[in-house]
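A, B, ... follow the sequence lines: proteins, then strands. Residue 1 opens every chain.
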Protein chains: 2
Amino acid sequence: MIGRMASDLDTAAETRLRREGQRYTRGRRALVATLSTAATPLAIGELTAEVPQSSAYRNLAVLEQAGVVRRVITDGDSARFELAEDLTGHHHHLICSSCGRVQDVEVPPSLERDIDRALDRLARKAAFASVHHRLDLIGTCRDCAAAGR
Amino acid sequence: MIGRMASDLDTAAETRLRREGQRYTRGRRALVATLSTAATPLAIGELTAEVPQSSAYRNLAVLEQAGVVRRVITDGDSARFELAEDLTGHHHHLICSSCGRVQDVEVPPSLERDIDRALDRLARKAAFASVHHRLDLIGTCRDCAAAGR
DNA sequence: CTTCCTGCAAAAGTTTTGCATTAAC
DNA sequence: GTTAATGCAAAACTTTTGCAGGAAG
């Protein structure tokens with residue numbers, strides 16, 4: 001999954017959009033391209049070089065609906081976005097509660113399995129149809145720690 | 001931890017506020033009391049019966065700073081708040097991506113231990129000073145599933 | 001009494017929406 | 001050519017801030 005070539009990514013994105021009756025337009029291509037080169041989830045402000053703000057919001061909503069993009073919830077003020085996990089690989093986040101920086105990390109497959117098993121059990125008990133889990137670390141990043149924040 | 005008596009909770013809250021040079025006022029007591037009776041994290045709108053909106057935001061920020069309250073990040077539009085975990089016990093959330101409802105759940109202690117161990121290792125590698133983790137299930141709650149959402 | 005908190009109203013910031021124009025198919 | 005997406009500007013909403021009056025210590 002990781003390292004997927006740009007053309008593969010475009011094909012996948014286009015397929016998913018078409019399934020929803022949506023077009024894979026220039027602006028949407030630009031958003032997907034930018035997200036695919038980013039090592040961390042991007043805030044709206046980091047995507048408005050490509051596309052005006054209102055179009056960014058609208059297109060990210062469409063891309064999320066089509067399963068191409070995922071909205072990441074952080075402690076910061078504005079939303080962040082990344083490519084869907086089945087396009088980039090399942091991962092987690094180190095979220096700096098001081099500066100809002102988000103860094104991707106992966107955890108050992110054996111732990112993922114244990115987590116999934118335990119959560120499936122919980123979800124079943126609560127009659128909750130689980131779609132996915134979210135496991136993040138909240139703390140202080142290297143830079144903020146060095147700056148005494 | 002769970003089932004902590006109201007007076008214990010008040011004492012703990014007051015101690016933590018005092019440590020920050022803050023007072024435990026009527027409005028802050030009301031917020032803590034309301035949060036302590038809630039089974040799920042509450043949105044600002046659910047706290048404005050007690051206290052005007054601007055005071056709610058200000059006081060929740062103070063209470064968070066003092067370690068009495070925790071801001072919970074959900075997929076919804078507005079922030080939600082709950083009592084700090086060391087006052088109520090460590091737990092996780094079932095978040096309904098359709099209606100925004102949040103339900104508390106606990107996972108087996110053995111899994112918590114495994115998660116903590118693995119995350120400590122990751123954090124150390126990334127020079128990230130971890131404070132706590134956040135593990136949530138995103139999916140569809142019983143009611144939304146029944147309603148076909 | 002002095003300091004900090006409150007509550008109103010206004011401001012700042014984020015996200016959504018209406019509408020005429022432009023691009024996609 | 002027809003339908004849907006774009007980009008601007010305005011609106012809606014969430015959160016923060018200024019300040020006069022009131023409560024806490």
Side-chain angles (χ1 to χ4, degrees), chain A residues 10-11 13-35 41-66 68-82 97-100 102, chain B residues 10-11 13-34 41-66 68-82 97 99-100 102:
Chain A
D10 278 336
T11 305
E14 182 153 23
T15 302
R16 293 177 194 199
L17 284 169
R18 285 239 135 79
R19 205 166 32 190
E20 303 273 319
Q22 297 283 351
R23 298 170 183 174
Y24 195 34
T25 60
R26 190 168 42 77
R28 293 171 188 179
R29 282 172 195 278
L31 289 171
V32 168
T34 303
L35 289 173
L42 299 180
I44 286 286
E46 298 169 300
L47 291 164
T48 47
E50 316 290 333
V51 165
Q53 213 178 46
S54 66
S55 300
Y57 278 111
R58 258 192 290 230
N59 283 326
L60 289 166
V62 169
L63 289 165
E64 187 181 22
Q65 178 67 37
V68 177
V69 158
R70 187 164 81 104
R71 200 185 198 111
V72 176
I73 314 293
T74 74
D75 287 349
D77 302 315
S78 87
R80 287 179 176 272
F81 298 85
E82 66 184 8
S97 54
S98 176
C99 70
V102 181
Chain B
D10 278 336
T11 305
E14 182 152 23
T15 303
R16 293 177 194 197
L17 284 168
R18 285 238 135 80
R19 206 167 31 190
E20 302 273 320
Q22 297 283 352
R23 299 171 183 172
Y24 193 34
T25 60
R26 191 168 42 78
R28 292 172 188 177
R29 283 172 195 276
L31 289 171
V32 168
T34 303
L42 298 180
I44 285 286
E46 299 170 301
L47 291 164
T48 47
E50 317 289 332
V51 166
Q53 210 179 48
S54 67
S55 300
Y57 276 112
R58 259 192 291 231
N59 283 327
L60 289 166
V62 169
L63 289 166
E64 186 181 23
Q65 178 67 36
V68 178
V69 157
R70 186 164 81 105
R71 201 184 197 111
V72 176
I73 314 293
T74 74
D75 287 351
D77 303 314
S78 87
R80 288 180 175 269
F81 298 85
E82 66 184 9
S97 54
C99 69
V102 182

Derivation of the salt bridge (Lys or Arg N to Asp or Glu O under 4.0 Å) call for B/Glu20 and B/Arg16: CA-CA 7 Å; B/Glu20 302 273 320; B/Arg16 293 177 194 197; over 6 Å; no
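Within 4.0 Å of B/Ser54, counting heavy atoms only, lies at least one base atom of the nucleic acid. A/Arg28 comes within 4.0 angstrom of sugar-phosphate atoms only, judged by non-hydrogen atoms across all strands, and of no base. Contacts of B/Ala61 with the nucleic acid, taken as non-hydrogen atoms under 4.0 Å apart, are absent.
Take the nearest nucleotide of DNA chain D for B/Glu14 and for B/Ser78: the residue whose nucleotide is more 5' is B/Ser78. Where A/Tyr24 and A/Tyr57 each meet DNA chain C at their nearest nucleotide, the meeting point lying more 5' is that of A/Tyr57.
The backbone N or O of B/Thr11 lies less than 3.5 Å from no partner atom in the side chain of B/Glu14, so there is not a single donor-acceptor pair. B/Arg71 places no side-chain N or O within donor-acceptor distance of the main-chain N or O of B/Glu64, the cut-off being under 3.5 Å. Between the side chain of B/Arg28 and the backbone N or O of B/Leu63, no donor-acceptor pair lies under 3.5 Å.
For the pair A/Leu17 CG and D/dA5 P, the computed distance is 10 Å after rounding to whole Å. As rounded to whole Å, 6 Å separates atom P of D/dG7 from atom CZ of A/Arg26. Atom P of nucleotide D/dA11 and atom CG of B/Asp77 are separated by 21 Å, given to the nearest angstrom. Between the CZ atom of B/Arg23 and the C1' atom of C/dC4 there is a distance of 4 Å, given to the nearest Å. Regarding B/Gln65, its CD atom lies at a distance of 16 Å from the P atom of C/dC4, rounded to whole Å. Distance, A/Ile44 CD1 to C/dT16 C1': 12 Å, rounded to whole Å. Distance CG (A/Asn59) to C1' (C/dT16): 14 Å, rounded to an integer number of Å. Rounded to whole Å, atom C1' of C/dA10 lies 12 Å from atom CZ of B/Arg58.
For the OP1/OP2 pair of D/dA4 and a distance below 4.0 Å, the side-chain nitrogens and oxygens of A/Thr25 include no atom meeting the criterion. A/Ser55 has a side-chain polar atom (N or O) that falls below the 4.0 Å cut-off from OP1 or OP2 of D/dG7. The shortest distance between the side-chain N/O atoms of A/Gln22 and the OP1/OP2 oxygens of D/dA5 is below 4.0 Å.
Heavy-atom minimum distance, A/Leu17 versus A/Ala66: CD2-CB, 3.8 Å.
Judged by distance alone, with hydrogens and angles left aside, B/Arg18 brings no side-chain donor or acceptor close enough to the base of D/dG25 to form a pair under 3.5 Å.
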